[in-house]
Amino acid sequence: SYGALQVGGSTFTVPGVSLSGGTVTVQMNTVDEEKSGDFNLGGATAETLTFEAGPYLRVDVEGANLVVKDGDEGELGTLRGDFAFEQSGGVTKVGVNDVTVSVDVNGSAGRLEKGEGAILVTEKGVAGSLEGKLEAKVSGLEAGGTLVLRFNNTLSPVNEELLVGNDKIKIIFESDENVFSVSLLGASLNLGGVLTIEGDLTYKSQGGYKVLGAENMTLFVGDGKLRLDNGELNPFAKGLMISDATVGLVKQGEGDAAK
C-alpha cells in the first residue's frame, strides 16, 4: 500500500523533545516499486506525489516549534522552521530549512537564523552540511557571522538531495576521506571591548591533517568600538589595527608523531 496524510496543529512529545504547531504531512510506500498518485492534502486541488520504492517513509513538518529539553524540567533551546525526515533503502535523511534557533544557557543568549542543512545517516556513517547566521553574547564576548558545519565519516563520496519545504538541500562530498570542518564566515568577535577580530575563520580535519585558517582578517586592540552601527570604522576608536591578515596553522599526526 501507499498513500499520504496531512494534519495541522499537532503536538508530538518524546523523551527530551517536544514538536508542536505547523502542518504535518506523512507519506509512505510499502510496495517494492516506485508509486505515484494524486492526493488532496487540504489544498484547492489535488497534487501528484511520487513515492520511492518501499519500504519508504517521509514526514514533513512545516512552520513547527521543536523544543529540546534539558532533562531537569527546563529547556535547552527552541528551533522554529521546516523539518523533513525521510527513510528509504536503509538510508535516513534529515533536513531543516528556514530554521531559527534560540538558546539561553545560564543567562547567556545565542541565536541562529536562516538555518538550513541536511544530514545523511547510513550503515557506513554520517554525512551532513549545516549553516546559518549566528549571533551570540556571553560574558565578555560578542560573536556574529555565517556558521558553516560540514562532516562526512562514511569513507565514501556523497551526492544527495533532500526537499525541505520548497527548497532542495544538497549534501556533496567529492572525496572519500573523513572530513570535519567548522567555518565562521564574515565573523565579528568582540572580546571584552578590548580586542576585535573580523574575517573568515575555518577549522578543518581531513586525511590526517588538521588545519586552522583565517583570511581577510582585521585585528584591533584598543579603546572603543572598531566600527559604528552602520559598519563604518569608528573615527573615535584608539589603538592598533592590522588589516588584510592571513593566518594558517597545519598539524599532521597525533602525539609524539605530530608535526
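In this chain, numbering begins with 1 at the start of the sequence shown. Values in this document were obtained by computation on a predicted structure and should not be read as measured data.
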message: Test of understanding: clusters of I, L, V, M, F, W, Y form through side-chain heavy atoms closer than 4.5 Å, transitively. Do F180 and L212 belong to the same one?
response: yes
message: Just so I know, are the side chains of T23 and L41 near enough to count as touching, which here means a heavy-atom distance under 4.5 Å?
response: no
task: Could you check if a side-chain atom of F39 sits within less than 4.5 angstrom of a side-chain atom of Q6, using non-hydrogen atoms only?
output: no
- prompt: How far apart are the closest heavy atoms of D176 and P157, and which atoms are they?
  reply: CB-CD, 3.9 Å
Point-to-point distance, once rounded to the nearest 0.5 Å, from NZ of K114 to NZ of K133: 7.0 Å
task: Rounded to the nearest 0.5 Å, what's the gap from CD on E198 to CG on L219? Could you check?
output: 9.0 Å
message: Within the 4.5 Å heavy-atom criterion, are M217 and L201 side-chain neighbours or not?
response: yes
- line: In this structure, CD of E86 is separated from CG of L120 (nearest 0.5 Å) by 10.5 Å
message: How long is the straight-line distance from CG of L185 back to CG of L147, given to the nearest 0.5 Å?
response: 8.5 Å
message: Check for me, please, whether Y56 and V91 land in the same ILVMFWY cluster - side-chain distances under 4.5 Å, paths through other members count.
response: no
Any side-chain heavy-atom pair of R227 and N234 under 4.5 Å: no
message: Between D38 and T48, is there a side-chain donor-acceptor contact under 3.5 Å, judged purely by atom types and distance?
response: yes
message: Applying side-chain hydrogen bond (donor to acceptor under 3.5 Å, both in side chains) to S183 and T202, what does each step give before you reach the verdict?
response: CA-CA 4 Å; S183 300; T202 300; 3.1 Å; yes
task: Over all heavy atoms of both residues, which pair between D32 and A53 is shortest? Give the atoms and the distance, please.
output: C-CB, 4.1 Å
task: Decide yes or no for V26 and L57: does some side-chain heavy atom of the first lie under 4.5 Å from some side-chain heavy atom of the second?
output: yes
field: Within-4.5 Å side-chain heavy-atom neighbours: P235 and L228
entry: yes
message: Please check this pair: side chain of D82 against backbone of G63, looking for a donor-acceptor N/O pair closer than 3.5 Å.
response: yes
query: How about T92 and Q87: does a side-chain donor come under 3.5 Å of a side-chain acceptor?
result: yes
query: Who pairs with E52 by side-chain hydrogen bond (donor to acceptor under 3.5 Å, both in side chains), at least two apart in sequence or on another chain?
result: S88
- prompt: Hey, which of D98, T100, N65 is the one that makes side-chain hydrogen bond (donor to acceptor under 3.5 Å, both in side chains) with R80?
  reply: N65
message: Can you confirm whether more than 12 heavy atoms, excluding those of E215, are under 6.0 Å from its CD atom?
response: no
query: With side chains defined as the heavy atoms from C-beta onward, is the minimum distance between F51 and L49 less than 4.5 Å?
result: yes
- prompt: Could you state the interatomic distance from OG1 (T218) to CD1 (I197), rounded to the nearest 0.5 Å?
  reply: 10.5 Å
field: From R58 atom CZ to M28 atom CE, the distance as rounded to the nearest 0.5 Å
entry: 15.0 Å
query: Are any non-hydrogen side-chain atoms of E116 and V164 less than 4.5 angstrom apart?
result: no
